[in-house]
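Working notes for the structure below.
This is a predicted model, so every value here is computed, not measured. When a residue number appears, it is its place in the shown sequence, counting from 1.
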Amino acid sequence: MTKLFPDAASALQDVLKDDILIASGGFGLCGLPERLLDAIRDSGVKGLTFASNNAGIDNEGIGKLLRTKQVKKMISSYVGENKEFERQFLAGELEVEFCPQGTLAERMRAGGAGIPGFYTKTGVGTEVAVGKEHKQFANRDGTEETFILENGIFADLSIVKAWKADETGNLVFRKTARNFNQPAATCGKFCVVEVEEIVPIGALDPDAIHLPGVFVQRLVLGAPYEKQIEFRTTREREAV
């Protein structure tokens, strides 16, 4: 059975439901599965929980789904560049579970590896640790430190953006656009990927593959893309 679908809407047609947990790759607008996010918005599903580093910016990325009130909860690290995110959170319209960036990546990776939880020092003594199990562990020098228990993320659906894929779903990410895409892909029960280029089987160097096709159920060719910048800052060129 082929993994290649003609567009994002058809690739998601029978896997989208209300009230599911979606793990999404991307860091700001870098490596963002924008075709899949547009298709989720257009589908009209609601009550979604997103595990993602952030929610894009206003009306871009997951920000589009915030505008349409399709998101009920965000599990995120950074929310500072999305005014609608801020407004909904402060108004009590959006539930937010803040999660340190490295912890969020590890929670996704743990879920993909079948690990239900792990202990970390990150967040001890802060709001992040409230309500979580605390445990003492010994260091090599005999002293003890406090750790908190974090749960692995097991998503219903993963949406991912990659640079290249072969027809079996082996993926190559490009530079910093790899970001959260790799762990997000592994932690979902079902993974849909959009890519910039699809190449024949055998065209990718096996040593260059970042994610094996066993994690990928469906592929969409999303190109061409407009490489967006969150905030463009320029200055006048000085005279020589």
So which heavy atom on [X] is nearest to which on [Y], and how close?
X	Y	value
Val172	Ala208	CG2-O, 3.6 Å
Gly111	Phe154	O-CE2, 3.3 Å
Ala8	Ala39	CB-CB, 3.8 Å
Ala129	Gly123	CB-O, 3.4 Å
Ala162	Val193	CB-CG1, 4.1 Å
Val128	Pro100	CG1-CD, 3.8 Å

Within the distance-only criterion (no hydrogens, no angle test), does the side chain of [X] pair as donor or acceptor with the backbone N or O of [Y] below 3.5 angstrom?
X	Y	answer
Glu194	Leu221	no
Asn179	Thr176	yes
Lys3	Val216	yes
Asn59	Lys64	no
Asn82	Phe85	yes

To the nearest 0.5 Å, tell me how far [X] [atom1] sits from [Y] [atom2].
X	Y	atom1	atom2	result
Asn170	Thr168	CG	OG1	4.0 Å
Glu60	Glu34	CD	CD	7.5 Å
Glu167	Leu4	CD	CG	7.5 Å
Ile22	Ser158	CD1	OG	9.5 Å
Asn181	Leu211	CG	CG	9.5 Å
Thr68	Glu84	OG1	CD	10.0 Å

Carboxylate-amine/guanidinium contact [X] [Y], below 4.0 Å:
X	Y	value
Glu93	Lys72	no
Lys161	Glu196	yes
Arg218	Asp14	yes
Lys189	Asp156	yes

| Which residue pairs pass the ring pair (Phe, Tyr, Trp, His ring centres under 6.0 Å) test with at least one member in residues 127-146, sequence neighbours excluded? | Tyr119-Phe137, Phe137-Phe147
| Residue pairs, two or more places apart or on separate chains, that pass ring pair (Phe, Tyr, Trp, His ring centres under 6.0 Å) and touch residues 158-190 |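 Residue pairs with at least one partner in residues 158-190: there are none.
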| Intermediate values then yes/no, side-chain contact (heavy atoms from CB on, under 4.5 Å), Ser52 and Ile62 | CA-CA 9 Å; Ser52 174; Ile62 300 173; 3.6 Å; yes
| query | Among pairs that include at least one residue of residues 104-115, which meet side chain to side chain donor-acceptor pair (under 3.5 Å), considering only residues two or more places apart or in two chains? | reply | Glu97-Arg107, Glu106-Arg109
| query | Does anything in residues 198-216 pair up under side chain to side chain donor-acceptor pair (under 3.5 Å), and if so which pairs, sequence neighbours excluded? | reply |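 For residues 198-216, and leaving out neighbouring residues, the side chain to side chain donor-acceptor pair (under 3.5 Å) pairs sorted by first residue read Arg178-His210.
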Considering only heavy atoms from C-beta outward, does the side chain of [X] approach that of [Y] to under 4.5 Å?
X	Y	result
Ile20	Thr49	no
Ile209	Leu171	no
Gln88	Leu66	yes
Leu32	Tyr225	no
Glu150	Lys132	yes
Ile198	Asp166	no
Ser76	Cys99	no
Val195	Val220	no

Can [Y] be reached from [X] by stepping across I, L, V, M, F, W or Y side chains whose heavy atoms are under 4.5 Å apart?
X	Y	result
Leu16	Leu36	yes
Ile153	Phe215	no
Leu94	Ile57	yes
Leu65	Leu157	yes
Phe98	Val71	yes

| request: With side-chain contact (heavy atoms from CB on, under 4.5 Å) as the test, would you mind laying out the steps for Val160 and Val192 before giving the verdict? | output: CA-CA 6 Å; Val160 169; Val192 183; over 6 Å; no
| query | If you measure only the distance, is there a donor-acceptor pair under 3.5 Å linking the side chains of Gln101 and Asn53? | reply | yes
| field | CZ (Arg174) with more than 12 external heavy atoms under 6.0 Å | value | no
| query | Should the heavy atoms of other residues, nucleotides or ligands under 6.0 Å from CD of Gln136 be counted, would the total exceed 12? | reply | yes
| task | Check ring-ring contact (aromatic ring centres under 6.0 Å, His included) between Phe118 and all other residues, then give those that pass, not counting sequence neighbours. | result |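 Listed in chain order: nothing, the list is empty.
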| query | Quick one: salt bridge (charged side-chain N to carboxylate O under 4.0 Å, His left out) pairs with a partner in residues 21-31, sequence neighbours left out? | reply | none
